[in-house]
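What you see below is based on every heavy atom in this structure, not just the backbone, and it leaves out hydrogens, waters and symmetry mates.
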Amino acid sequence: MSRKAIIVFVITTLFTAMVVAFSWVYLSQLLRQRLLWADETASGLTRQMEYTASKAVPDLTSTRVDTANPKALRAAITGYLQTDTNLNDMLESVVGNSQIIYDAAIVDTSGVAILDTNPTLNGKPVPWRPALNVLRDAGFRRQLRLLYGSSAVYDVSIPLELDRLPFGSVRVGVSTVFLRNELATKLQQAAFFSVVAIFCSLLLSAVVSNVALGPLKAIARNLDSASAGETDLLPAEESSSDEVGLVSLKIAHLGRQIRDTNQIFSALKDNVEQVMAKLQDGLMLFTRDSRVVLVSASAEKFLGRPRREILGRRAEEIFSDGSVLGAVVLPAFQKQRPLVQYDFDAADGRRVQVSLDFIQEKGTPIGALLTMRDAESVRRIEDEIEISRRLSAAGRLTRGVAHEVKNPINAVVLHLQLLQNKLQQDDPDTRRHMEIIGNEIHRLDRVVQILVDFTRPRDLHLEEMDMRTILEEVGVLASPEAGRHGIRMDQDLADERLVVRVDPDLMKQAILNLVLNGVQAMTQGGTLTLAARRDEETILIEVRDQGSGIPPEVQEKVFELYFTTKKEGSGIGLAQTYQIMQWHYGSVEFETIVGSGTTFRLRLPALSANPATQAEITA
């Protein structure tokens with residue numbers, strides 16, 4: 001229940017209780033007053049009837065009635081009473097003119113009605129009825145029960161003396177039905193005013209709750225703005241001397257601090273998420289109570305579960321004792337002992353390295369960091385680093401050698417031309433030998449120039465290109481060579497655009513090198529396939545041939561400069577492809593089966609994930 005509802009409920013309950021209490025008092029007084037009035041009215045009527053009855057009986061000593069005979073005397077008095085016109089008129093008027101009188105009667109000492117408003121009861125015994133003072137003097141609750149219970153008639157009576165002798169009594173009956181009818185109007189008015197009072201209390205409580213909770217709503221809005229980090233948070237308009245104003249000022253100050261903290265946190269979170277998304281290692285950060293608060297994207301591959309099912313769970317809920325990883329990690333968590341480079345074979349056959357480090361601050365444990373990495377990926381990265389190192393070393397050596405060789409070749413060519421000019425009368429054999437020497441020197445010069453071009457820093461002219469277009473152009477370039485070897489070119493390209501930011505000429509050269517290698521490896525013909533598709537945030541290009549495959553003993557050397565298994569190969573093509581992919585923040589790898597063929601896979605960042613934003617980069 002809201003605070004406003006509670007205030008309304010409490011105020012309404014208090015007002016209702018007050019209305020009920022006042023109504024109770026009012027009704028009790030009203031009922032007592034009406035009963036007193038009924039008693040006084042009935043008593044007045046009995047006195048009037050007693051006076052009229054006494055006047056209806058003459059002085060019997062001057063009549064023929066034997067006053068010494070009580071029976072004759074009583075019969076004479078009864079006759080006078082029954083025949084007196086004034087007395088009978090009064091009896092009729094008592095019932096007709098009063099709203100509460102049920103009946104009236106003159107009863108003798110034996111309880112027999114001498115004169116009754118109901119003529120059929122004259123001469124008959126009158127039944128006993130309780131006195132009205134029983135109802136008048138009762139408590140309020142008893143009065144309500146008697147009045148609103150079963151219908152009843154209460155008597156008000158006084159003794160009747162005639163000729164100075166007790167003759168009977170005068171009785172007037174008051175009906176509870178008539179009393180209820182008399183009170184109905186007053187009760188309806190009281191009920192109406194009670195309902196109005198309760199309704200007014202509801203309105204008043206609503207107004208009071210709005211007035212009381214208005215500042216709290218303003219404070220709540222300020223808190224919401226502060227938690228949202230809104231920059232337009234201002235202190236409340238109340239004076240700082242007011243309690244609400246002081247709280248609003250403090251909330252405004254707190255909101256600015258939260259806003260600044262949120263900005264810093266958002267920047268750090270974005271940076272961490274970018275770093276975590278690009279990590280190949282699976283990282284999991286745990287709190288002091290072994291609950292996961294940070295998971296890298298690669299961790300999903302190692303655990304086989306999405307991050308949303310991992311975040312917020314404890315280590316016992318993620319790892320099971322029945323798994324190899326759980327059997328190692330859970331005891332380390334329980335004993336708070338670090339785990340250093342533990343290797344195990346995953347369910348998919350991969351070799352995985354796991355390490356667990358516990359983080360402490362001033363000697364107090366605050367969390368743990370679990371690292372999972374693919375041992376094969378580590379080996380591949382080490383191989384790529386080694387290849388890069390060898391290419392760099394070979395490049396430096398080649399630039400020096402090429403420079404030293406280029407100059408002598410130029411001198412030899414120059415002097416050869418001079419020698420040809422001087423030998424005007426040389427015989428055909430001499431000219432043929434001279435042409436052979438010249439051709440070989442020019443070929444050597446082209447080889448040296450290729451080496452110089454390979455090792456020279458390049459300016460990348462980057463453009464946004466659809467990778468499918470580049471592969472189609474490579475297919476057109478390689479088709480004549482493939483046709484001469486009886487090889488059919490095939491393409492398996494995605495339907496969506498595969499946009500990358502690359503140097504088109506260099507990328508064509510990198511892929512063409514792989515295609516020509518595949519053509520040369522397919523001595524028996526077959527199909528060479530160019531494929532491309534999107535793989536998460538990268539574009540995957542595949543060159544699949546059906547050649548003889550790469551022998552295991554030379555697979556680690558295929559990207560080394562000058563390494564070749566062909567008689568006329570230069571050993572530059574695959575090294576050049578590897579170098580071009582590095583310039584574009586990409587990678588190249590292969591999968592081969594001896595006797596069945598080789599698949600080279602090139603990965604390039606998709607346009608949205610490409611870290612190169614400038615139009616031209618110096619490699």
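Contact check for Val543 versus Leu528: side-chain heavy atoms found under the 4.5 Å cut-off. For the pair Thr529 and Gln491, the minimum side-chain heavy-atom distance is 4.5 Å or more. Between Leu498 and Val500, the closest side-chain pair of non-hydrogen atoms is not below 4.5 Å. Side-chain contact check for Phe358 versus Gln336: some heavy-atom pair is nearer than 4.5 Å. Taking 4.5 Å as the limit, some side-chain heavy atom of Leu303 sits within range of a side-chain heavy atom of Met284. Proximity of Leu283 to Leu294: side-chain heavy atoms (C-beta onward) are nowhere separated by under 4.5 Å. Considering only heavy atoms from C-beta on, Leu325 comes within 4.5 Å of Met372 through its side chain. Within the 4.5 Å cutoff, no side-chain heavy atoms of Val295 are placed close to those of Leu285.
No more than 12 heavy-atom neighbours from other residues, nucleotides or ligands sit within 6.0 angstrom of CZ on Arg337. When the shell of 6.0 Å around CD1 of Ile593 is examined, it contains 12 or fewer heavy atoms from other residues, nucleotides or ligands.
Across every non-hydrogen atom of Ser587 and Met581, the tightest pair is O-CE, 3.5 Å. The heavy-atom pair separating Pro365 from Arg288 by the smallest distance is O-NE, 3.0 Å. Nearest approach of Ile470 to Ile511, heavy atoms of both residues: CG2-CD1, 4.2 Å. Residues Leu356 and Ala332 approach most closely at CD2-CB, 3.7 Å, considering heavy atoms. A pairwise comparison of heavy atoms in Ala478 and Val515 identifies CB-CG1, 3.5 Å as the closest pair. Between Arg533 and Ala494, the shortest heavy-atom contact is CA-CB, 4.1 Å.
Between the CZ atom in Phe559 and the CD atom in Gln582 there is a gap of 10.5 Å [rounded to 0.5 Å]. Atom CG of Asp503 sits about 10.0 Å away from atom CE of Met465, to the nearest 0.5 Å. Note: Phe333 CZ to Leu370 CG = 6.0 Å, rounded to the nearest 0.5 Å. For the atom pair CZ of Arg544 and CG of Asp490, the computed distance is 8.5 Å after rounding to the nearest 0.5 Å. A distance of 6.0 Å separates CH2 of Trp583 from CG of Leu506, quoted to the nearest 0.5 Å. Between the CZ atom of Arg603 and the CD1 atom of Ile541 there is a distance of 9.5 Å, given to the nearest 0.5 Å.
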Apply side-chain contact (heavy atoms from CB on, under 4.5 Å) to the pair Thr538 and Leu604, showing each step before the final yes or no. CA-CA 6 Å; Thr538 62; Leu604 289 169; over 6 Å; no

Run the side-chain contact (heavy atoms from CB on, under 4.5 Å) check on Glu361 and Ile366 step by step: do they pass? CA-CA 7 Å; Glu361 183 178 7; Ile366 61 173; 4.0 Å; yes

Test Asn517 against Leu574 for side-chain contact (heavy atoms from CB on, under 4.5 Å), laying out the working first. CA-CA 9 Å; Asn517 274 359; Leu574 292 181; 3.3 Å; yes

Output, in order, the C-alpha distance, side-chain angles, deciding distance and verdict of side-chain contact (heavy atoms from CB on, under 4.5 Å) for Val354 and Val352. CA-CA 7 Å; Val354 178; Val352 180; 4.1 Å; yes

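Remark: Thr287 engages Asp289, Arg291, Val293 in a side chain to side chain contact (heavy atoms under 4.5 Å, CB included) (not counting sequence neighbours). Partners of Asp495 under the side chain to side chain contact (heavy atoms under 4.5 Å, CB included) rule, at least two apart in sequence or in another chain, do not exist in this structure. For Ala510, the side chain to side chain contact (heavy atoms under 4.5 Å, CB included) partners two or more places apart in sequence, or in a different chain, are Thr577, Ile580. A search for ring-ring contact (aromatic ring centres under 6.0 Å, His included) contacts involving Phe319 returns nothing, not counting sequence neighbours. Taking the side chain to side chain donor-acceptor pair (under 3.5 Å) definition, one finds that Asp343 meets it with nothing, sequence neighbours left out. By the salt bridge (charged side-chain N to carboxylate O under 4.0 Å, His left out) test, Glu536 is found to be paired with no residue, residues two or more places apart in sequence or in another chain being considered. Under the side chain to side chain contact (heavy atoms under 4.5 Å, CB included) criterion, Pro306 pairs with Arg308, Glu309, not counting sequence neighbours. Partners of Gln509 under the side chain to side chain donor-acceptor pair (under 3.5 Å) rule, at least two apart in sequence or in another chain, are Asn513. Under the rule for a salt bridge (charged side-chain N to carboxylate O under 4.0 Å, His left out), the partners of Arg314 that lie at least two apart in sequence or sit in another chain are Glu316.
Evaluation of the salt bridge (Lys or Arg N to Asp or Glu O under 4.0 Å) test over residues 465-483, restricted to residues two or more places apart or in two chains, returns Asp466-Arg468, Glu473-Lys508, Glu481-Arg484.
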Give the table of side-chain donor-acceptor pairs shorter than 3.5 Å for residues 594-601, with sequence neighbours excluded, one pair per line with atom names and distance.
{"from": "Thr598", "atom 1": "OG1", "to": "Thr592", "atom 2": "OG1", "distance (Å)": "2.9"}
{"from": "Arg601", "atom 1": "NE", "to": "Glu542", "atom 2": "OE2", "distance (Å)": "3.1"}
{"from": "Arg601", "atom 1": "NH1", "to": "Glu591", "atom 2": "OE1", "distance (Å)": "3.0"}
{"from": "Arg601", "atom 1": "NH2", "to": "Glu591", "atom 2": "OE1", "distance (Å)": "3.0"}

Side-chain atoms of residues 519-527: list all donor-acceptor pairs with protein atoms under 3.5 Å, sequence neighbours left out, distances to 0.1 Å.
{"from": "Gln520", "atom 1": "OE1", "to": "Lys566", "atom 2": "NZ", "distance (Å)": "2.4"}
{"from": "Thr527", "atom 1": "OG1", "to": "Arg488", "atom 2": "NH2", "distance (Å)": "3.4"}

